Amino acid sequence: MNNLDLTMDLTPVQRDILTALINIYRVEGRAVKGEEIAELIDRNPGTIRNQMQSLKALNLVEGVPGPKGGYRATGSAYEALNVEATGDVVTVPVLRNGVLMEGTTASELIFNNVIHTQLCDGVIRIIGNIRDFNVGDEVEVGPTPVNKLYLRGTVRGRDDTMSRLIIHVDAMISVPKLAIKKIARRAVRIPPGASMQEAARILVHNGVQEALVEDSSPGMVNQTDIVRAIADGKADQEAREFMNRGFLTIDSEETIYEAIKMLGKTGAGQLVVSEDGTLWGFVSPADLIKTLTPA
């Protein structure tokens, strides 16, 4: 029996059991009790024990004897689920009405009606207690580990047997898997001894909102800094005196997703991009939004 046949033959319950077994094992690093699996996927412990016999017969699970024993997935189980045996634990967060559902992860997303002009429905397979969700709930899923897909929708139905939510998709976005250097803007530079008037002229001439100040301890100047300094009666200061040294930096090889997370957590107006330890450019929320909008 090849891996494709094995995957096709597994029932949804068996797939959920194997997925839960692998996830718990990766976190705890020990054999897993049937009761732990039953609690995670909201199944009767007797059902888990019965299914384990079938999974053992398929050489997907092995029993570990002793007081600290339980079950452990075999290499064939990882292959059947197309999961890397040495990969990191991956949980796809699920929120219900704005609240993170602990012990719950989305294992599969299926979309249909995608060519309808006003309708997009989908199905979310849930590992966890499917009965925590009700028709009318707003659910959010993501990010998924590879494509950083986010989805928000409204529950239209629930299939307890298959652990599935039928949803109307209200919003969906995928963050491109690109390095920041692909979208960053090369910084305009201002001499540290430049007057405020000269700094403002450089910004206007280059059509930018911010620039780097090349000093022994580099800084950043933007239009807001200039306006604030003038309002405070400090129009005679040089760039090195009113520049901002407290900016956030991000390496040019980091992904767009990491930049979005950083800006979201800090509320910063821009990030300074460094390359090989040297300050090089800028990336702003507007730059990131452009990457999420098809040309």
Side-chain angles (χ1 to χ4, degrees), residues 1-24 26 37 40-43 47 51 55 58 60 73 76-84 87-177 257 292-294:
M1 182 181 293
N2 60 36
N3 291 343
L4 179 59
D5 293 335
L6 191 57
T7 303
M8 294 289 288
D9 288 343
L10 290 177
T11 67
V13 173
Q14 289 173 329
R15 291 178 64 84
D16 285 351
I17 289 173
L18 285 178
T19 303
L21 173 60
I22 289 171
N23 284 344
I24 296 174
R26 282 176 163 177
I37 298 173
L40 180 60
I41 67 174
D42 191 36
R43 297 283 179 176
T47 300
Q51 291 293 334
L55 293 172
L58 292 170
L60 298 175
S76 297
Y78 288 88
E79 293 177 7
L81 296 179
N82 196 26
V83 173
E84 292 289 339
D88 295 331
V89 178
V90 175
T91 298
V92 179
V94 179
L95 284 74
R96 171 181 174 267
N97 297 328
V99 178
L100 178 65
M101 303 298 289
E102 299 290 345
T104 300
T105 182
S107 63
E108 189 175 20
L109 300 174
I110 303 171
F111 302 103
N112 48 48
N113 291 336
V114 293
I115 63 173
H116 198 287
T117 57
Q118 297 180 334
L119 179 66
C120 181
D121 288 342
V123 175
I124 306 172
R125 277 184 50 77
I126 295 292
I127 296 177
N129 190 353
I130 192 71
R131 296 178 182 85
D132 285 338
F133 299 87
N134 299 295
V135 173
D137 285 345
E138 183 179 273
V139 294
E140 298 175 53
V141 177
T144 57
V146 177
N147 296 320
K148 305 302 180 187
L149 175 68
Y150 292 83
L151 179 150
R152 186 177 74 249
T154 306
V155 177
R156 288 192 164 184
R158 194 182 76 193
D159 183 344
D160 293 356
T161 303
M162 301 289 286
S163 294
R164 300 188 304 184
L165 296 175
I166 295 87
I167 66 165
H168 171 69
V169 179
D170 298 315
M172 182 168 53
I173 192 169
S174 180
V175 181
K177 198 175 182 179
Y257 174 70
L292 307 179
T293 307

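The first residue of the sequence shown is numbered 1, and numbering continues consecutively from there. Model, not experiment: these values are computed from the prediction.
- Listed here is the closest heavy atom pair of L100 and P93: CD1-CB, 4.0 Å.
- The one candidate from D121, L151, T154 that meets the side chain to side chain contact (heavy atoms under 4.5 Å, CB included) condition with I167 is L151.
- In this structure, CD1 in I124 is found 13.5 Å from CG in D159, a value given to the nearest 0.5 Å.
- Atoms CD1 and CG, from I126 and L165 in turn, are 5.0 Å apart once rounded to the nearest 0.5 Å.
- Atom CD1 in I130 sits 9.5 Å away from atom CZ in R43 (nearest 0.5 Å).
- The side chain to side chain contact (heavy atoms under 4.5 Å, CB included) check on N134 picks up R96, D137, R158, with sequence neighbours excluded.
- Under the 4.5 Å side-chain criterion, counting only non-hydrogen atoms from C-beta, R125 is in contact with P12.
- Contact detail for V92 and P143: the closest heavy-atom pair is CG1-O, 4.0 Å.
- Between L10 and L58 there is a side-chain heavy-atom pair separated by less than 4.5 Å.
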Report the C-alpha distance between R152 and E138 in whole Å, list the side-chain angles of each, state the deciding distance to 0.1 Å, and finish with yes or no for side-chain contact (heavy atoms from CB on, under 4.5 Å). CA-CA 7 Å; R152 186 177 74 249; E138 183 179 273; 3.8 Å; yes

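- In plain terms, the two heavy atoms of V141 and A106 that are nearest each other are CG1-CB, 3.7 Å.
- Distance alone, capped at 3.5 Å, places no donor-acceptor pair between the S76 side chain and the L60 backbone.
- With I37 as the fixed residue, the side chain to side chain contact (heavy atoms under 4.5 Å, CB included) test singles out one of L18, I17, T47: I17.
- Annotation: side chain to side chain contact (heavy atoms under 4.5 Å, CB included) contacts of L149 (sequence neighbours excluded): L109, F111, T144, M172, S174.
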